[in-house]
Trainee: 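Can you keep this structure in mind? I'll have questions shortly.
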Protein chains: 2
Amino acid sequence: MAMQKVANQLNLNIDRSSPVPLYHQVVQGIEAAIHGGVLPPGSRLDNEIDLAAQLNLSRPTMRKAMDELVRSGLLVRKRGVGTQVVSSQVRRPLELSSLFDDLSNNGSKPTTEVLSFSHDEADAATRAALQLPAGAKVYHFTRLRKVGGKPLALMENWVRDDITSIDEALLGAQGLYGILRNGGVNFRLASQRIGAMIANDYQASLLDTTPGSALVTMERTAVDDTGRQVETGHHVYRADSYSFEMTLVQR
Amino acid sequence: MAMQKVANQLNLNIDRSSPVPLYHQVVQGIEAAIHGGVLPPGSRLDNEIDLAAQLNLSRPTMRKAMDELVRSGLLVRKRGVGTQVVSSQVRRPLELSSLFDDLSNNGSKPTTEVLSFSHDEADAATRAALQLPAGAKVYHFTRLRKVGGKPLALMENWVRDDITSIDEALLGAQGLYGILRNGGVNFRLASQRIGAMIANDYQASLLDTTPGSALVTMERTAVDDTGRQVETGHHVYRADSYSFEMTLVQR
DNA sequence: TTAGGCAGTATGTCCTATCAAGCGAACATA
DNA sequence: TATGTTCGCTTGATAGGACATACTGCCTAA
């Protein structure tokens, strides 16, 4: 009866006047607790009912929060048993961000050199990728991305021109996705293909490597929330400096 | 008042006696309707309330189904506007399956050649990757995967031995993930890294290509639903025959 | 003619409630 | 002692309601 209960002190402050949904506040709180070591890997959470009561929330709201955490791989639930923190650290799944953002968030200071820039009629392949009618115009440009003065990526992109205007100076100053987001684009999904190839003379000279060295290739087409194909591109990265890391979650 | 309403005939048969949850039946039904062309890209669905009424479901159940479809990128929702089918075709996101399964589902008939097989104490790197104590034993093997008689992938894996027993004959007959699933493993998530490299003499001879040709590399560690690191591996694929395709969904 | 506000509609959030199903441990029985 | 059954705990599924908020387009007033 007088059983000692080690409550996992989540110490979450739920702010009901905040515009942030309650379930999302819970998600953030638990994420912080896990990454901060308050909830060590393998530890079991209190059951959903108790947790909801502790935070003065309903069970569905609590469940919705935990659903997100399960989806992102931080928690594991088992009927009849309980919910526990997954032991391994989880990397954020591959997200819809540009290389520029990734590098900036990483503390590096990427620079961009615009090698070519045009605003012309799209060729057939581009029209197919972006689902544009004949005669439509697109921005077409190639960029060289360096970090710490070292070349890292050679990127060729095609962008539809009915969203926001793009010029060379803009591309030199910030990432493509930043520009498009500022132009009101809400990215929804992207199809991409990652492979490998051998550097040719042109690529090698720009990337400051030798012809025949390994390159990672990436082709991507991004779609926004209105269903428009916004951007397609073909990038190559120096294999010795770049690889794609991701976490897959089994639904 | 007498407005003609073009109801999108979903023709879903919801079987309440089925053990499959209602919301999942709805997910499958709408997926089928989209892929079957009944719901063409860009078409708008009826609102949640009406759809729920049409199928004799509650709105939360309907929403849960649509949530899944939004998450997987098939639908787009906009408050105050409605829900519509995303125009582009969506590939299934990269899933936790083995190459063997992927090829089999694709209609190909992959063959596996076991090049080496051992069951010994794990070295330090493997113990770190699988979080095993000193002295723990692991299965360690390399396999060559061919499809249509053509070599495609060279795979080296380490698997903990406290789950199911593995032998050479088994590996030659089916995929690793199939074996582990049969052994009771429920995979939850995996971290992987995709990059590129140049084929050395050993790899080139086995993959029937030339030294110096491009290879796609993949390193993966998979975790099951109890939080155990189950397997880790390092694979290389012929770049001219293989690339990783995936769809990223912005949450 | 045009700009602003307002109503209608759809999704977003949150709640209470109830039953089903899986799992584990305690308990009863042989 | 060993084994099988039952019971309680926990998550899973579904229902139905209430209110919030964002978007669209119409209507009105300047």
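A, B, ... follow the sequence lines: proteins, then strands. Residue 1 opens every chain.
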Trainee: R77(B) CZ to dC23(D) P: how many Å, rounded?
Mentor: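 Going from R77(B) (CZ) to dC23(D) (P), I get 15 Å.
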Trainee: M218(B) and side-chain contact (heavy atoms from CB on, under 4.5 Å): which single residue from R193(B), Q192(B), H234(B) fits?
Mentor: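 Testing M218(B) for a side-chain contact (heavy atoms from CB on, under 4.5 Å) against R193(B), Q192(B), H234(B) leaves exactly one candidate, Q192(B).
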Trainee: Considering heavy-atom distances to DNA chain C, does L57(A) or V81(A) have its closest nucleotide positioned more toward the 5' end?
Mentor: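 Comparing both residues, the 5'-ward one is L57(A).
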Trainee: Expressed as a whole number of angstroms, how long is the span from D15(B):CG to dT14(D):P?
Mentor: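 Roughly 12 Å, once rounded to whole Å.
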Trainee: Taking all heavy atoms of F187(B) and all of L180(B), pick out the closest pair and write down the distance.
Mentor: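 Smallest interatomic distance, heavy atoms only, reads CZ-CD1, 3.7 Å.
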Trainee: For R63(B) and P60(A), take the nucleotide of DNA chain C holding the closest heavy atom to each; which residue's nucleotide lies nearer the 5' end?
Mentor: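 This one resolves to R63(B).
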Trainee: Check the distance between dT9(C)'s P and L45(B)'s CG and give it to me in whole angstrom.
Mentor: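 In whole Å, dT9(C) P and L45(B) CG are 19 Å from each other.
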Trainee: Does a side-chain N or O of Y23(A) approach OP1 or OP2 of dT13(C) to a distance below 4.0 Å, or not?
Mentor: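 Looking at the OP1 and OP2 atoms of dT13(C), one of them is under 4.0 Å from a side-chain N or O of Y23(A).
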Trainee: Does T83(A) have a side-chain nitrogen or oxygen under 4.0 Å from the phosphate oxygens OP1 or OP2 of dT10(D)?
Mentor: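 No, no such contact exists.
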Trainee: Nearest to the R79(B) side chain among dT11(C), dA15(D), dC14(C), which nucleotide is it?
Mentor: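 Per side-chain heavy atoms of R79(B), the pick is dT11(C).
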Trainee: When the distance from CD of E68(A) to P of dG12(C) is rounded to whole Å, what number comes out?
Mentor: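 Going from CD in E68(A) over to P in dG12(C) covers 13 Å.
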Trainee: If you check every side-chain atom of S58(B), which of dT14(D), dT11(D), dC14(C) has the closest atom?
Mentor: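 Nearest nucleotide to the side chain: dT14(D).
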Trainee: Are a donor atom and an acceptor atom from the side chains of N157(A) and H235(A) found within less than 3.5 Å of each other?
Mentor: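 Yes - a donor-acceptor pair under 3.5 Å links their side chains.
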Trainee: Do the side-chain N or O atoms of R16(B) get closer than 4.0 angstrom to the phosphate oxygens (OP1, OP2) of dA15(D)?
Mentor: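 Indeed, a polar side-chain atom of R16(B) lies that close.
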Trainee: Under 3.5 Å, is there any donor-acceptor pair linking the side chain of R59(B) to the base of dG12(C)?
Mentor: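 Yes, a donor-acceptor pair under 3.5 Å.
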Trainee: Please state how far atom CE in M62(A) lies from atom C1' in dC15(C), giving the value in whole angstrom units.
Mentor: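 Result: 16 Å.
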Trainee: To the nearest Å, give me how far apart CD (E48(B)) and P (dC19(D)) are.
Mentor: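 Atom CD in E48(B) sits about 19 Å away from atom P in dC19(D).
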Trainee: State which residue, out of K64(A), R59(A), R79(A), fulfils the salt bridge (Lys or Arg N to Asp or Glu O under 4.0 Å) condition with E48(A).
Mentor: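 Testing each of K64(A), R59(A), R79(A) against E48(A), the sole residue satisfying salt bridge (Lys or Arg N to Asp or Glu O under 4.0 Å) is R59(A).
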Trainee: Taking CG from L22(A) and P from dA20(D), how many angstroms apart are they, rounded to a whole number?
Mentor: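 Rounding to the nearest Å, CG of L22(A) and P of dA20(D) are 14 Å apart.
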Trainee: To the side chain of K64(B), which of dA13(D), dT11(D), dG12(C) is closest?
Mentor: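 Nearest to the side chain of K64(B) among the choices is dA13(D).
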Trainee: Under 4.0 Å between any heavy atoms, over every strand shown, what does T61(B) touch: base, sugar-phosphate, or nothing? Just pick one.
Mentor: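 Result for T61(B) = sugar-phosphate.
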Trainee: Does some side-chain heavy atom of T61(A) sit less than 4.5 Å from a side-chain heavy atom of V26(A)?
Mentor: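 Not in contact.
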Trainee: Rounded to whole Å, please give me the gap between CD1 in I49(A) and P in dC15(C).
Mentor: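 Whole-Å distance recorded here is 14 Å.
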